Amino acid sequence: MTSFVASTARRIAKACVLSSLLGFSAGTMATVVTTLPKVGSPDWNEVVQPGASMVASSGVVTMTTANYRGVWFGNHPAASDADPSWTLGTSSQGNWLSLEVAFSSGASDWMAFVADGSHLARIEFLDTGCKTAVACYTSPAPFQGVRVMYKDASQAEAQYHDVAIADMTQFHTYEFLLKNGVVSYRVDGNVVFSGAAWSSSATSLLIGDETGVTPSGTGAMVVRAVRMDTAPVDNVLVSAVPEPASILMALAGLAVCGFFGRRR
């Protein structure tokens, strides 16, 4: 009987330790994919049109575009290569994307967007406002920063919020969280905009230069890190610490562990 009680106590102690650990992890996210893209990667669709390139070297991936050429990666149903093994989250599940990227001097018109079947989050890097087949290279110099898309109920078209960045040849971290029709954007750890997301029936993720039918994209985008989570916690852009409920669960688990330790 004594050995049975001791064995049971050990099992309960192990279970309570596990539950306390789970309590701490309840407020963290389960990242789906963190691998860098490369041509033929099973985690991403990669599209490299003739005249463009995607090169992986020394822990970074450099995508170089050209006039009327596109180069990008993501999870896009229209891509010609095999689909990744993972799928985007629904509107209620949410999608979180984090990119650590830099751009070559003189680069323009790169982007990152995700659509969940109901809404769209979109960042435009070094935008010139050139989205159609016109003489884009006669446009003014690229906007030195990013433009993030949102919906204003009083406007018929999508709206953009400008975020100036002094030197985009240096690496910066760009994030967005799209969930339940609301989008939040963060640059280098600071939330720069949060509000209603623009409506979209598409379901896709794209990072790079998709403008293979227009002459807008120029230069290179260098990716040092990419992180995608298709079921993020609501406060992923606000806090990295456990939520109060998670802390209470963890403390309760540790208390139970202490009780059984004393009993043994």
Side-chain angles (χ1 to χ4, degrees), residues 28-29 31-34 36-37 59-63 65 72-74 88-89 94-116 119-129 131 140-152 158-198 200 205-210 216-230 232-241:
T28 64
M29 53 190 176
T31 302
V32 172
V33 59
T34 60
L36 287 173
V60 301
V61 172
T62 301
M63 294 184 290
T65 189
W72 52 266
F73 70 96
L88 291 165
N95 289 283
W96 173 73
L97 176 70
S98 174
L99 285 170
E100 189 177 354
V101 297
F103 297 87
S104 64
S105 179
S108 66
D109 287 311
W110 293 80
M111 70 178 63
F113 72 78
V114 65
D116 60 19
H119 296 88
L120 172 72
R122 178 177 175 126
I123 300 178
E124 297 185 356
F125 303 95
L126 296 161
D127 185 38
T128 62
K131 305 302 177 193
F143 169 68
Q144 288 300 306
V146 296
R147 288 178 169 145
V148 299
M149 178 187 282
Y150 68 98
K151 179 180 181 179
D152 184 331
Q159 301 298 302
Y160 288 88
H161 176 73
D162 290 352
V163 183
I165 297 173
D167 187 358
M168 294 190 67
T169 64
Q170 300 297 311
F171 282 99
H172 297 277
T173 300
Y174 307 92
E175 302 166 76
F176 58 69
L177 170 66
L178 176 64
K179 191 169 184 178
N180 291 323
V182 175
V183 61
S184 295
Y185 300 94
R186 186 163 72 175
V187 177
D188 290 335
N190 299 308
V191 175
V192 296
F193 181 85
S194 184
W198 184 250
S200 173
L205 164 69
L206 186 148
I207 301 163
D209 173 28
E210 69 160 345
S216 61
T218 62
M221 178 183 195
V222 184
V223 184
R224 190 160 69 180
V226 56
R227 302 173 183 85
M228 184 68 199
D229 185 350
T230 61
V233 295
D234 289 330
N235 66 349
V236 65
L237 292 186
V238 177
S239 174
V241 300

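Residues: numbered from 1 along the sequence shown. Only a predicted model underlies this, so the values are computations on that prediction, with no experimental measurement involved. All values below come from the heavy atoms of this structure, side chains included, with hydrogens, waters and symmetry mates left out.
- The aromatic rings of Phe103 and Trp110 lie tilted to each other, with the angle between the two planes from 30° to 60°.
- For the ring-ring contact (aromatic ring centres under 6.0 Å, His included) test with Tyr174, the passing option among Phe125, Phe193, Tyr185 is Phe125; the others fail.
- The distance from atom NE2 of His172 to atom CD1 of Ile165, rounded to the nearest 0.5 Å, is 5.5 Å.
- The CD atom of Glu210 sits 11.0 Å away from atom OG1 of Thr65, with the distance rounded to the nearest 0.5 Å.
- We find the CG-CG distance between Asp229 and Asn95 to be 8.0 Å, quoted to the nearest 0.5 Å.
- No side-chain N or O of Thr169 forms a donor-acceptor pair with one of Ser105 less than 3.5 Å apart.
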Take Asp127 and Val146, measure what side-chain contact (heavy atoms from CB on, under 4.5 Å) needs, and give me the verdict at the end. CA-CA 7 Å; Asp127 185 38; Val146 296; over 6 Å; no
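- Atoms CG and CE, on Leu99 and Met221 in that order, are 5.5 Å from each other to the nearest 0.5 Å.
- Both tests do not hold together for Arg147 against Tyr160: distance to the six-membered ring centre under 6.0 Å, angle to the ring axis within 45°.
- Remark: of the listed residues Ile123, Leu206, Leu178, Leu178 is the sole one forming a side chain to side chain contact (heavy atoms under 4.5 Å, CB included) with Val114.
- Nearest heavy atoms, Asp116 versus Gly89: CB-O, 3.7 Å.
- In plain terms, the two heavy atoms of Ala112 and Phe176 that are nearest each other are O-CE2, 4.0 Å.
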Given Val223 and Met63, is the side-chain contact (heavy atoms from CB on, under 4.5 Å) satisfied, shown in steps? CA-CA 8 Å; Val223 184; Met63 294 184 290; 4.2 Å; yes
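- Taken from CG in Leu36 to CD in Glu100, the straight-line distance is 10.0 Å, to the nearest 0.5 Å.
- Counting heavy atoms from C-beta on, the side chains of Val183 and Trp198 never come closer than 4.5 Å.
- The minimum heavy-atom distance linking Leu205 with Leu88 is given by the pair N-CD1, 3.8 Å.
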What verdict does the side-chain contact (heavy atoms from CB on, under 4.5 Å) test give for Gln144 and Leu126, after you've listed the backbone C-alpha separation in whole Å, the side-chain angles of each residue and the deciding distance to 0.1 Å? CA-CA 6 Å; Gln144 288 300 306; Leu126 296 161; 3.7 Å; yes
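- No side-chain donor-acceptor contact under 3.5 Å links Lys151 to the backbone of Gly181.
- Contact of the Ser98 side chain with the Thr173 side chain is registered, since non-hydrogen atoms from C-beta on lie closer than 4.5 Å.
- The minimum heavy-atom distance linking Thr128 with Ser108 is given by the pair CG2-CB, 3.9 Å.
- Of the inter-residue distances, the one linking Gln159 atom CD with Met149 atom CE reads 9.5 Å to the nearest 0.5 angstrom.
- Between the side chain of His119 and the backbone N or O of Ala196, no donor-acceptor pair lies under 3.5 Å.
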Stepwise side-chain contact (heavy atoms from CB on, under 4.5 Å) test for Trp96 and Val233: CA-CA 9 Å; Trp96 173 73; Val233 295; over 6 Å; no
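- The heavy-atom pair separating Gly217 from Asp209 by the smallest distance is CA-OD2, 3.8 Å.
- For the residue pair Ser184 and Ser194, the shortest heavy atom distance occurs at OG-OG, 2.7 Å.
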